[in-house]
> 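Input: one structure, supplied below.
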Amino acid sequence: MAIEATETRPLGKAIKRKEDPRLVRGQGRYLDDIVLPGMLYMALARSPYAHARIKEIRLDQAYQVPGVKAILTGADLEKMNLSWMPTLAGDRQMVLATGKVLFQYQEVAAVVAESRAAAEDAVQLIEIDYEPLAPVVDPYAALKADAPLLREDRDQKDNHIFHWEVGDRKATDDALASSPVVVKEFIRMPRVHPAPVEPCGCIADYQKATGKLTWYVTSQAPHAHRTVLALVSGLPEHMIHVISPDIGGGFGNKVPVYPGYVCSVVMSLQLGRPVKWVETRTENIATTNFARDYHMTAEIGATQEGIVTALKVATIADHGAFDAAADPSKFPAGLFSIVTGSYDFPVAFAEVDGVYTNKAPGGVAYRCSFRVTEASYLIERVMNTLALKLNLDPAEIRRRNFIRSEQFPYQSPLGWTYDSGNYDATLNEALKLVDYEQLRKQQAERRAGGELVGIGISTFTEIVGAGPSNTFDILGIKMFDSCEIRIHPTGKAIARLGTRHQGQGHETTFAQVIADELGMTAADVLIEEGDTDTAPYGLGTYASRSTPTAGGAAALAARRIRQKAIQIAAHLLEVSPDDVEWNGEKFAAKGLESRAVGMSEVALAAYTNLPEGMEPGLEATYYYDPPNLTFPNGAYVAMVAIDRGTGEVKVERFVAVDDCGTVINPMVVDGQVHGGLTEGFGIAFMQEIAYDEDGNNLAPNFMEYLVPTAVEAPHWETGRTVTPSPHHPIGAKGVGESPNVGSPAAFVNAVVDALSPYGVTNVEIPLFPWKVWNVLKELGLTQ
Amino acid sequence: MESRKEDARRMVSVTINGEMRQGLAEPRTLLAYFIRETLGLTGTHVGCDTTSCGACTVLFDGEPVKSCTVLAVQADQHQIDTVEGLETDNVLHPLQQAFWDNHGLQCGFCTPGMLMTSVALLQKNPHPTESEIRHGISGNLCRCTGYVNIVKAITDASHKMQKEPAEV
Ligand code: FES
Ligand code: FES
């Protein structure tokens, strides 16, 4: 049962969330709840075609709608040099289309009106003549020499975006050539969308009299968005105030800057009135950043005993019409090079080629630290194929190849230094919780009775917490994060961080970290995020980076407070600072345990009774540049049964053991794991953004894009091992994404296990019942 | 076009959370927007355009409905209950309290709709099984919690409401 926030020594305890009292009352303040005086509404006209030339746009009818204030087209933006904007991936993206459209639902014109309805009416009356062009939907077709050229704006006259490679190609080829066993698998991670329940939106409020733009926006990275906006718009950065209010889920969807944002800013600048734009669900799924669309081929070499010798990976990455990936600048394929996973590969090589197609632009890291999900899915799937080939138990193949605990810090062949882990312990805990031996026995019995039952294992390693400034930046800005703490005279505190939570519970967990360092309670520490005029600069919340970066900053800022506090405590205790000790809750005089003062006495003294010559006040700021990333790991076991009549897969058991280092709040960690597993389940079984050959989006809303409801979502069992990060100030690693990264392979390995007696080594996700049924049919297994 | 130029708005009167309120609504205005924008009660959320997510769930004469799929004019002279009406005398409704105690929410965007569906569920079935709860809330999407703790919260509330019938 959860504990009240007034508990002392709160770190590691299941403190009830401080954000909940307002949210359960419906008193959260989400973007669309904000109404400003004189506010106008914006709606966008979008292309019905995936690839077409724009012949003419006629606006006269639309202007007739009462209440319409202005209509913006690409031609207008061109005059302002704003028809294109930079993407975080170093490409550029059309704000409003000029010349031609490159994906269905692309933004073509923006209407601003006195009401939402008037803006939508006018959008219906904008007449646009298109000349349809041949669309390119398949990324392999896009690379053919005779493929239609999509991006005429580029100097390069083909649809290839980038080639990126890492590792030793020759050594890997040699090792594969001399390996007695080689397995090869083609693994596709289809296009999905994060689809938080709250769509994206913003209100741009430009006040001519002050020259200040206040920009309310559903942003996971408000400071970065302020800088990007300053660069794109030319407005001075100190005259841009970004407020990211309560966010109804993000999962990576609210990291990029979208055309609708830019249009509403332009409109507010022109009209001098606040302009609100909130996308519909269809707009959200069909146009804002998707994820995955990775087409991967992997080869693993091994000895007869199953000891891996080499890994080689080649990937085609479909980015859609613009490379709008939100990756750190030096990583066009994100952190895909974590693909060697939890295993000690002597050599490896990975390459990724990015491709343009006539699909919505992206892709974002969906509950994932930049392509880590793709990498984990791939290695966990292909290790399974290796186990099948050698007729080894999937737990055993993993044990034989794990990086051993004494190898940490471990240097991976693709360039990472893993901080810590005890992979055997994590796997053993999962096998114990699920009672693996018993489960295998049950499986054998049920199989003998004709049932299709499978058990799947995934033992993944993530790489999160981007990141150290020597390697990680976004548009040149280093990826540190920050915390500023002010202690008030009565011993209460406010702390502001550069991150922005969207449900992760920072208002509670960061209060726990700070309170624990200062002998306070979480109730005494107010956490504030998302206001760029008050919070110190930081890069935001995604890629499981908040705890590794801002969490480190919070602990270190608190320790800075303590450095000054100890001087004040010495003054109050009338001893020398050298004779004062921090006992975890109070400052005590050495050898005189009964003489001690707590933070509230020290805080009051900081404003009322200072040592001679000391600067008043008690506050500190810390910009934390982490020395390394963190590497959470986990061991997941799934048990499934396949219905021979319908092809439906039922997840009967799922045990997830995570190791995210030090746990700040076990209740919050479990909640993150439940949520991530459910999204991983959706990705394995239900969620896909498919396109037809004309480039029509076949799943642009929640009717076709299926996300799990309470009925489909399995019951989750969770467990934990704790291997602290040696370099993080409190040893924490981050956990929000692990379950989404690690679980898809466990589900699919279980389905493959059920079908492996019939020669199946691979099935393609999402595993809709009809797809599974087709496989059963081919194998003659249907009922 | 012609009809849009005329003022086709109508006065709509509702009893919302026990209070009589009225406001003008176009014939096409959805109840969700009437509640949010005309009456200023923003706890009811909008998360989709296909009646799929349930973030907009309110009680309409005691029955849970998706207010994005009801016209405001249909609510004229009817009784509406929203999340804002759950608390009494500064005491949270047992379901609100249980969602808090059991970590039944993360971003909180689905929560008001989830709570209203749960209120109706427990009124009809005071002691639901896990499976009945899961089916009962299957019209409400949550992307954050994976539903485990929502189910727990509803179960917890059902036990507490049984013990303290005065609060039901
Ligand atoms: S907004 Fe009503 S069901 Fe989604
Ligand atoms: S708590 Fe975020 S959608 Fe349910």
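All figures in this text were calculated on a predicted structure; none of them were measured in a lab. Chain A is the first sequence line, chain B the second, and so forth, proteins listed ahead of strands; every chain is numbered from 1.
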> Side chain, backbone, both or neither: which part of R29(A) has an atom under 4.5 Å from a heavy atom of chain B?
neither
> Which heavy atom of P112(B) sits nearest to which heavy atom of G26(A), and what is that distance?
CG-CA, 4.2 Å
> Heavy-atom distances under 4.5 Å only: say whether Q672(A) touches chain B with side chain, backbone, both or neither.
both
> Between A710(A), G675(A), G503(A), G67(A), which residue shows the highest count of heavy-atom pairs closer than 4.5 Å to chain B?
A710(A)
> Taking the side chain as every heavy atom from C-beta outward, state whether H103(B) and K16(A) have any atom pair closer than 4.5 Å.
no
> Could you grab the distance from atom CG of D33(A) to atom OG1 of T44(B), nearest 0.5 Å is fine?
10.0 Å
> So F109(B) and P196(A), do their side chains get closer than 4.5 Å, heavy atoms only?
no
> Could you look at P714(A) and say if it's the side chain, the backbone, both or neither that has a heavy atom under 4.5 Å from chain B?
backbone
> Identify which part of F681(A) has an atom lying under 4.5 Å from any heavy atom of chain B, answering side chain, backbone, both or neither.
neither
> Name the region of H45(B), side chain, backbone, both or neither, that has any atom closer than 4.5 Å to a heavy atom of chain A.
side chain
> Looking at N284(A), L677(A), V668(A), which has the largest count of heavy-atom pairs under 4.5 Å with chain B?
V668(A)
> Please report the shortest heavy-atom distance between V711(A) and S138(B), naming the atom on each side.
CG2-CB, 3.5 Å
> Starting from the C-alpha separation in whole Å, work towards a yes-or-no answer on side-chain contact (heavy atoms from CB on, under 4.5 Å) for V35(A) and E37(B).
CA-CA 9 Å; V35(A) 176; E37(B) 295 179 351; 5.7 Å; no
> Which atoms of V151(B) come close to chain A, meaning under 4.5 Å heavy atom to heavy atom: side chain ones, backbone ones, both, or neither?
neither
> With no hydrogens and no angle check, is any side-chain donor or acceptor of R25(A) less than 3.5 Å from a backbone partner on G43(B)?
no
> Which bit of I247(A) is near chain B, if near means a heavy-atom gap under 4.5 Å: side chain, backbone, both or neither?
backbone
> Do any N or O atoms from the side chain of Y147(B) and from the backbone of P708(A) form a donor-acceptor pair under 3.5 angstrom?
yes
> With heavy-atom distances below 4.5 Å as the criterion, would you say the side chains of M667(A) and N149(B) are in contact?
no
> Closest heavy-atom contact between G146(B) and W716(A)?
O-NE1, 4.1 Å
> Please list, in residue-number order, every residue in residues 68-84 of chain B that has a heavy atom less than 4.5 Å from any heavy atom of chain A; write 'none' if there are none.
V83(B), E84(B)
> Does C107(B) offer a backbone N or O that forms a donor-acceptor pair with the side chain of D246(A) under 3.5 Å?
no
> For T50(B) and N701(A), which I'm curious about, is there any donor-acceptor pair between the side chains at under 3.5 Å?
no
> Measure R116(A) against the heavy atoms of chain B and call it side chain, backbone, both or neither at under 4.5 Å.
side chain
> Who wins among A195(A), G505(A), G28(A) for the most heavy-atom pairs under 4.5 Å with chain B?
A195(A)
> May I ask you to decide if A713(A)'s main-chain N or O and R134(B)'s side chain share a donor-acceptor pair within less than 3.5 Å?
yes
> What are the two closest non-hydrogen atoms of F251(A) and R143(B), and how far apart are they?
CZ-O, 3.4 Å
> Non-hydrogen atoms of chain B under 4.5 Å away: do they reach the side chain of D32(A), the backbone, both or neither?
both
> Could you check whether Q502(A) and Q106(B), counting side-chain N and O atoms only, form a donor-acceptor pair closer than 3.5 Å?
no
> For R281(A) and S52(B), indicate whether the former's side chain and the latter's backbone hold a donor-acceptor pair under 3.5 Å.
no
> Counting N and O atoms only, with roles assigned by atom type, does the side chain of Q96(B) sit under 3.5 Å from a partner on the main chain of V24(A), one being a donor and the other an acceptor?
yes
> Quick one: does D49(B)'s side chain get under 4.5 Å of T282(A)'s, heavy atoms only?
yes
> Could I get the full list of side chain to side chain donor-acceptor pair (under 3.5 Å) partners for D20(A), not counting sequence neighbours?
R17(A)
> Enter the distance from H674(A):NE2 to C142(B):SG here, rounded to the nearest 0.5 Å.
12.0 Å
> Tell me, out of I133(B), L86(B), L95(B), T42(B), who's got the most heavy-atom pairs with chain A below 4.5 Å.
T42(B)
